[in-house]
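This is a predicted model, so every value here is computed, not measured. Proteins come first, then strands; the chains are lettered A, B, ... in the order of their sequence lines, and each starts at number 1.
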Amino acid sequence: MSLTRKHYPFSEFEPRWQQHWVSTQAFRATNPGDPDFRLGAKKYFVLDMFPYPSGDGLHVGHVEGYTATDILARYHRLLGDNVLHPMGWDAFGLPAEQYAIKTGQHPRITTQRNVDNFRTQLQSLGFSYDWSREISTTDPEYFRWTQWIFLQLYNAWVNPATNKAEPISSYTGMDPDSVRLAFVSDKPVNWCPELGTVLANEEVIDGKSEVGGFPIERRPMRQWMLRITAYTERLIADLEGLDWPESIKLLQRNWIGRSEGAEVRFALDGIPEDISVFTTRPDTLFGATYLVLAPEHPLVESLTSAPQQEGVATYKKACSSKSDLERTDLAKEKTGVFTGAYAINPVNGEKIPVWIADYVLTGYGTGAIMAVPAHDERDYDFAKAFGLQVTAVVAQRISDAKITMEIVVSGKPNPPWRAHQLNDESVWVWRHDRCFSGEGVAVNSEFLDGLPTLEAKLKMIAWLEEQGVGKGTITYKLRDWLFSRQRYWGEPFPIVWENGSHRPLSHEELPVEPPEMEDFKPTGTAEPPLSKAKEWVRYSETASRELNTMPQWAGSCWYYLRFCDPKNHDRFIGTEAEHYWMGSTGRPGGDTKKTPGGDHSHKTPGGVDLYVGGTEHAVLHLLYARFWHKVLFDLGHLTTPEPFQRLVNQGMILGDDGQKMSKSRGNVVNPDEVVAEYGADSLRLYEMFMGPLEHGKPWSTTGVEGVYRFLARVWRLAMAEDQEGNWILSDDLAEQKLTTAQRRILHATIKKVTHDIESLAFNTAISQMMICTNEFTNAKPRPIEAMRLFLPLLSPFAPHLVEELWSHLATKFAGFEGLASQSAWPSWNEDYLVVSEVSYALQVNGKVRGHLTVPIAAGKESVEKAALADASLASQLEGKVIKKIIVVPGRLVNIVAV
RNA sequence: GCUCGAAUGGCGAAAUUGGCAGACGCGCCAGACUUAGGAUCUGGUACCGAAAGGUGUGUGGGUUCAAGUCCCUCUUCGAGCACCA
């Protein structure tokens with residue numbers, strides 16, 4: 001605690017109001033059916049990404065997003081809306097478990113302690129959460145429903161006929177296990193020996209674990225998967241209607257990685273098998289001069305010729321021992337080996353060699369490619385390295401500047417350049433020893449010759465389908481979601497195994513709680529720690545429990561739904577609550593970001609009205625949650641297809657050195673210390689004043705002092721010190737008519753703050769409130785009406801200060817009844833914004849040469865006349881001929897003279 | 001390498017839809033009140049110049065009466081993806 005005297009007694013009243021708000025449940029949201037539910041009030045669901053309660057406590061980055069949503073929540077309450085603004089804990093997960101292993105304490109204990117600490121910190125910032133709805137993913141009453149949703153996935157499949165999830169009972173095929181949305185797979189997975197668990201593709205970055213940065217191996221293990229790939233098209237298509245940043249939509253589209261192309265079947269020479277390849281450039285099939293299979297491709301064994309056996313085996317072994325990291329980052333040099341086999345190019349019957357190489361990935365497409373070195377950089381590099389044939393089949397436009405240079409003066413291409421002229425006289429060129437991966441026109445391709453790339457693709461696909469050797473297809477980068485982890489601190493699966501097959505538990509058996517265990521360390525093998533709980537594992541004489549647990553993402557996939565109805569014992573969310581909070585019945589357009597054209601009339605998909613969080617969840621949490629939501633929607637449990645209507649990413653707060661905050665740099669700002677020194681209101685206000693919410697911005701301690709001084713100035717508008725140094729209501733306040741200027745600035749402030757809050761431009765809203773405050777600083781007497789209009793505007797930003805002033809003002813003046821947090825948002829009157837005079841900038845040839853003040857009602861002609869007569873322009877216009885005069889009403893006059 | 005995003009005073013940033021660049025805050029300078037100021041209040045503060053005036057929104061060009069804003073070029077920084085056929 002600093003020794004300097006506080007500018008206003010925040011440390012006295014901030015905790016007092018926090019306590020008051022909590023104890024009176026001032027921010028409780030009511031559900032339909034509650035006795036005090038207000039019919040006709042609009043709903044507003046504003047959500048934070050709930051935190052993982054780490055031992056480090058709250059970070060200033062949390063405070064930024066949470067303040068933004070709190071402002072919106074408080075603003076909408078003042079508008080009279082029924083506001084759902086909840087908070088909870090994403091408390092399962094690796095860090096808690098690892099900490100527990102290190103300290104020997106049960107993760108439940110440490111998690112509880114961290115949660116309590118987080119809650120205290122959040123309350124010390126005055127966030128207006130409805131604490132009666134607090135949830136934790138580790139609460140059995142919560143994960144009962146996480147497990148229930150897993151069973152929904154397990155018991156559902158996507159019917160290709162309807163493209164919707166349906167109960168598995170509608171599946172009429174032989175093997176329901178092959179279509180379930182939750183299924184078991186033995187495919188190679190990302191195993192992290194250090195963490196002792198498998199990880200999802202999304203959790204692996206550059207061949208290392210996202211958590212901890214440990215190396216990842218690929219090894220086949222029996223794992224639970226969720227069939228998110230069944231939703232790829234809808235996950236892409238439904239992004240369209242969402243009010244999300246374009247960059248996040250793009251990130252999701254890229255992650256899903258849809259690519260259109262064709263599958264082409266190549267017969268093998270002398271072997272009764274064939275190889276399917278995927279290509280996005282079927283138009284280049286005539287230029288396919290060899291095939292490449294991934295080393296793990298199932299056909300590799302059977303097609304390798306005797307003399308190549310040894311080389312192939314050696315190469316395969318070398319690849320399998322490489323980590324993902326080595327295979328990608330370090331492997332700039334292409335490697336591979338010839339199998340001895342030849343394939344037949346279906347389009348021209350040519351015999352082309354079949355190679356294996358690790359630049360072809362086993363998990364994408366068919367795990368095999370047709371190599372077109374003339375039109376693909378990677379194939380070109382490979383062909384160069386191994387002396388394979390390059391045949392150009394796409395020509396580029398000669399007029400592309402770079403090639404024109406090389407190609408000559410004479411107008412005719414120099415060999416090795418060749419040229420092709422189309423009917424429209426355009427000239428197209430190619431050569432066989434270069435790589436050109438762009439689009440152009442087909443050459444050396446018989447029936448495709450002369451066609452632009454796009455048309456050539458379509459014609460080739462048609463040809464392939466006609467000949468029965470291929471078809472148009474779409475491939476995705478998105479893989480099914482690896483959903484099991486070999487950990488203790490997570491939701492157990494509601495599954496038992498009997499005679500080698502799995503079966504779901506009934507709903508009545510939920511929740512399946514993790515066993516009490518002393519020793520929950522990883523086993524050091526692929527065997528999950530739950531295997532050590534012998535009693536728990538044994539479900540019956542013949543059945544045993546699934547030993548894996550769910551990943552941390554499970555709980556956060558649906559928590560926003562539980563907030564709507566957190567105490568419901570019969571359903572994961574009550575029907576009525578879901579209709580109300582997740583429906584599209586919110587404030588129509590009132591809170592949508594300004595869109596070009598200003599069209600707010602489009603029907604919204606509904607869901608959470610505003611969701612604020614960091615970009616780091618752009619493809620993980622946000623994609624998973626959308627997927628679960630769609631499944632539940634298909635199965636009739638929800639009424640909207642998307643969970644989050646409007647999403648905003650807050651930017652990162654950097655240290656005062658402009659670097660990312662980190663303990664090692666020593667530039668971490670602790671919110672508790674800022675609160676102790678300057679108060680919660682100052683911290684909130686400063687983080688909003690730093691700059692646009694979406695931008696990253698560096699911390700500045702003197703900046704905090706700036707807003708702190710501003711709040712102190714507001715305080716002194718109403719309060720003064722008496723002889724003893726106690727704060728009392730200022731004598732300068734009086735029931736007194738506002739001057740025209742005061743009234744104008746107040747109403748302008750109401751207008752600007754209202755608009756700025758709705759477009760999340762908090763920094764400029766605060767600027768305007770500072771301007772307004774400065775106007776009143778020296779006004780004596782100060783009209784009390786100013787406080788009535790101004791304080792509600794400030795209250796979402798600095799709620800403690802306003803609440804305190806409000807209560808002091810109520811002792812002497814009318815209009816300050818009840819809590820400021822429960823008062824009403826003021827409205828502005830456009831009539832009061834009108835000014836009687838307006839200042840024009842006078843320009844000569846676009847340069848400002850003077851100013852002119854005229855009555856607002858002055859017409860164009862009279863402004864023009866006054867401008868020409870203005871003395872300040874005389875010297876500029878002297879000896880010049882006036883060509884043109886432009887008058888922009890209310891702004892400027894530009895005289896064009898030569 | 002590819003895809004996005006950004007670039008404005010000493011600093012964080014403003015700037016409706018092409019119409020007076022730098023609002024607001026920090027810092028700095030000066031003044032007032034004070035025993036005192038790291039409190040508060042007032043004024044000043046883009047740059048060059050004594051002034052008149054000139055120059056300024058990463059670079060170079062273009063459109064326009066008028067460009068931070070629109071078009072093209074390049075540079076730098078940040079983020080994401082990264083052999084995805």
Side-chain angles (χ1 to χ4, degrees), chain A residues 2-7 205-206 245-248 250-251 253-255 257-259 261 277-281 284 292 327-329 331-332 334 357-361 363-372 375-379 381-382 437 475-479 594 596 598 615-616 618-619 651-652 654 656 658 686 689-692 694-707 709-710 712-713 716 755 761 763-771 774 777-778 839-851 883-897:
Chain A
S2 153
L3 294 172
T4 47
R5 192 179 185 292
K6 291 183 179 53
H7 297 182
I205 292 165
D206 289 341
E246 277 309 313
S247 59
I248 298 296
L250 194 68
L251 241 43
R253 283 194 200 101
N254 289 348
W255 188 262
R258 182 184 197 274
S259 87
V277 303
F278 174 73
T279 176
T280 55
R281 292 295 298 271
T284 61
V292 187
R327 251 180 98 150
T328 55
D329 253 28
K332 291 295 173 220
K334 293 275 182 293
D358 66 357
Y359 83 92
V360 174
L361 308 175
Y364 184 76
T366 60
I369 62 156
M370 64 178 216
V372 186
H375 304 292
D376 183 286
E377 296 285 353
R378 296 152 299 176
D379 297 343
D381 291 346
F382 191 79
S437 56
T475 326
Y476 304 91
K477 277 202 287 184
L478 183 69
R479 301 270 77 93
K594 267 179 278 172
T615 338
E616 65 273 20
V619 285
M652 202 185 315
L654 307 167
D656 55 9
Y686 173 62
F689 187 60
M690 291 170 84
E694 300 88 341
H695 291 192
K697 50 237 153 193
W699 185 267
S700 152
T701 301
T702 51
V704 188
E705 283 170 13
V707 293
R709 282 203 285 264
F710 161 65
R713 223 153 42 230
R716 290 194 308 269
H755 287 321
N763 53 335
T764 49
I766 294 166
S767 295
Q768 182 63 35
M769 289 190 282
M770 287 173 167
I771 293 169
N774 292 345
T777 302
N778 288 316
S839 163
Y840 278 76
L842 302 181
Q843 296 184 334
V844 177
N845 294 332
K847 288 193 192 293
V848 180
R849 300 296 178 184
H851 287 92
K883 301 282 261 192
K884 197 172 173 184
I885 300 177
I886 292 128
V887 179
V888 182
R891 293 203 169 264
L892 57 76
V893 180
N894 188 11
I895 301 169
V896 185

Asker: Taking atom C1' of B/rC2 as reference, at what distance in whole Å does atom CG of A/D376 sit?
Answerer: 14 Å
Asker: For A/N254, which contact category applies under a 4.0 Å heavy-atom criterion: base, sugar-phosphate, or nothing?
Answerer: nothing
Asker: B/rA14 C1' sits how many Å from A/H755 NE2, rounded?
Answerer: 17 Å
Asker: Rounded to whole Å, how long is the line connecting atom CG of A/L361 with atom P of B/rA82?
Answerer: 11 Å
Asker: Can you tell me if the side-chain N/O atoms of A/H7 get under 4.0 Å from OP1 or OP2 in B/rU40?
Answerer: yes
Asker: When the P atoms of B/rA66 and B/rU55 are compared, how many Å lie between them, rounded to an integer?
Answerer: 15 Å
Asker: What's the gap between B/rA14 and B/rG58 when it is taken at their P atoms, as a whole Å value?
Answerer: 15 Å
Asker: Tell me, please, which residues at least two apart from A/R849 pass side chain to side chain contact (heavy atoms under 4.5 Å, CB included).
Answerer: A/V844, A/K847, A/L873, A/Q876
Asker: Counting any heavy atom closer than 4.0 Å, what does A/L250 reach on the DNA or RNA strands: base, sugar-phosphate only, or nothing?
Answerer: sugar-phosphate
Asker: Is A/K697 close enough to B/rG78 that one of its side-chain N or O atoms is under 4.0 Å from OP1 or OP2 there?
Answerer: no
Asker: For A/R258, check side chain to side chain contact (heavy atoms under 4.5 Å, CB included) against everything at least two apart and list the hits.
Answerer: A/E233, A/I236, A/E260, A/I474, A/Y476
Asker: Would you tabulate the pairs of protein nitrogen or oxygen atoms and nucleotide nitrogen or oxygen atoms of nucleotides 26-29 of chain B closer than 3.5 angstrom?
Answerer:
{"unit_1": "B/rC26", "atom_1": "OP1", "unit_2": "A/R709", "atom_2": "NE", "d": "3.3"}
{"unit_1": "B/rC26", "atom_1": "OP1", "unit_2": "A/R709", "atom_2": "NH2", "d": "2.8"}
{"unit_1": "B/rC26", "atom_1": "O2'", "unit_2": "A/T702", "atom_2": "OG1", "d": "2.7"}
{"unit_1": "B/rG27", "atom_1": "OP2", "unit_2": "A/R709", "atom_2": "NH2", "d": "3.1"}

Asker: What's the closest nucleotide to the side chain of A/R716 if the choices are B/rC41, B/rG19, B/rA85?
Answerer: B/rC41
Asker: Given atom CG of A/L251 and atom P of B/rC81, what is their separation to the nearest angstrom?
Answerer: 7 Å
Asker: The criterion is side-chain hydrogen bond (donor to acceptor under 3.5 Å, both in side chains); which residues satisfy it with A/N254, sequence neighbours excluded?
Answerer: none
Asker: Distance between the P atoms of B/rU16 and B/rC70, in whole angstroms?
Answerer: 11 Å
Asker: Suppose we screen for ring pair (Phe, Tyr, Trp, His ring centres under 6.0 Å). Which residues come up paired with A/H755, at least two apart in sequence or across chains?
Answerer: A/W828
Asker: Can you tell me the distance, in whole Å, between the CG atom of A/N774 and the P atom of B/rG43?
Answerer: 10 Å
Asker: Take atom CE of A/M769 and atom P of B/rA14, then tell me their distance rounded to the nearest Å.
Answerer: 15 Å
Asker: By nearest heavy atom, map A/T615 and A/Y476 onto RNA chain B; which one lands nearer the 5' end?
Answerer: A/T615
Asker: Does the structure place the NZ or CZ of A/K334 under 6.0 Å from the centre of the six-membered ring of A/F382, at an angle of no more than 45° from the ring's axis?
Answerer: no
Asker: Using a heavy-atom cut-off of under 4.0 Å over every strand shown, decide if A/V888 touches base, sugar-phosphate, or nothing.
Answerer: base
Asker: Counting any heavy atom closer than 4.0 Å, what does A/R849 reach on the DNA or RNA strands: base, sugar-phosphate only, or nothing?
Answerer: sugar-phosphate
Asker: Rounded to the Å, how far apart are A/N778 CG and B/rC33 C1'?
Answerer: 13 Å
Asker: What pairs with A/S767 under side chain to side chain contact (heavy atoms under 4.5 Å, CB included), at least two apart in sequence or on another chain?
Answerer: A/F689
Asker: Of the options B/rA85, B/rG80, B/rC81, whose atoms approach the side-chain atoms of A/K477 most closely?
Answerer: B/rC81
Asker: Tell me whether B/rG53 sits syn or anti, counting syn as a glycosidic angle within 90° of 0.
Answerer: anti
Asker: B/rC65 base to A/K883 side chain: any donor-acceptor pair below 3.5 Å?
Answerer: no
Asker: Is there any protein nitrogen or oxygen under 3.5 Å from a nitrogen or oxygen in nucleotides 20-23 of chain B, and what are the pairs?
Answerer:
{"unit_1": "B/rC20", "atom_1": "O2", "unit_2": "A/H851", "atom_2": "NE2", "d": "2.5"}
{"unit_1": "B/rC20", "atom_1": "N3", "unit_2": "A/H851", "atom_2": "NE2", "d": "3.4"}
{"unit_1": "B/rC20", "atom_1": "N4", "unit_2": "A/S839", "atom_2": "O", "d": "3.3"}
{"unit_1": "B/rA23", "atom_1": "N1", "unit_2": "A/S767", "atom_2": "OG", "d": "3.3"}

Asker: Of all residues at least two apart in sequence or in a different chain, which pass the ring pair (Phe, Tyr, Trp, His ring centres under 6.0 Å) check with A/W255?
Answerer: none
Asker: Given a 3.5 Å cut-off on both pairing distances, which stems involving RNA chain B, each at least three consecutive Watson-Crick or G-U pairs, are present, if any?
Answerer: B:1-7 with B:75-81, B:10-12 with B:24-26, B:27-32 with B:40-45, B:46-48 with B:53-55, B:60-62 with B:70-72
Asker: Can you tell me the distance, in whole Å, between the NZ atom of A/K884 and the P atom of B/rG19?
Answerer: 17 Å
Asker: The criterion is side-chain hydrogen bond (donor to acceptor under 3.5 Å, both in side chains); which residues satisfy it with A/S247, sequence neighbours excluded?
Answerer: none
Asker: Using the P atom as the point on both nucleotides, what is the distance between B/rG62 and B/rG56, in whole Å?
Answerer: 14 Å
Asker: Under 3.5 Å, is there a donor-acceptor pair between the side chain of A/Y686 and the main chain of A/G706?
Answerer: no
Asker: In chain order, what residues pass the ring pair (Phe, Tyr, Trp, His ring centres under 6.0 Å) check against A/Y840, with sequence neighbours excluded?
Answerer: none
Asker: Return the 5'-most residue of the pair A/W255, A/I886 with respect to RNA chain B, ranking by each residue's nearest nucleotide.
Answerer: A/I886
Asker: Is a side-chain N or O of A/N894 found less than 3.5 angstrom from the main chain of A/I886, in a donor-acceptor match?
Answerer: no
Asker: Taking atom P in both B/rA23 and B/rG9, what distance in whole Å separates the two?
Answerer: 13 Å
Asker: Short question: side chain of A/R479, backbone of A/G363 - any donor-acceptor pair under 3.5 Å?
Answerer: yes
Asker: Got a sec, which residues hit side chain to side chain contact (heavy atoms under 4.5 Å, CB included) with A/T280, two or more places apart in sequence or on another chain?
Answerer: A/S259, A/F278
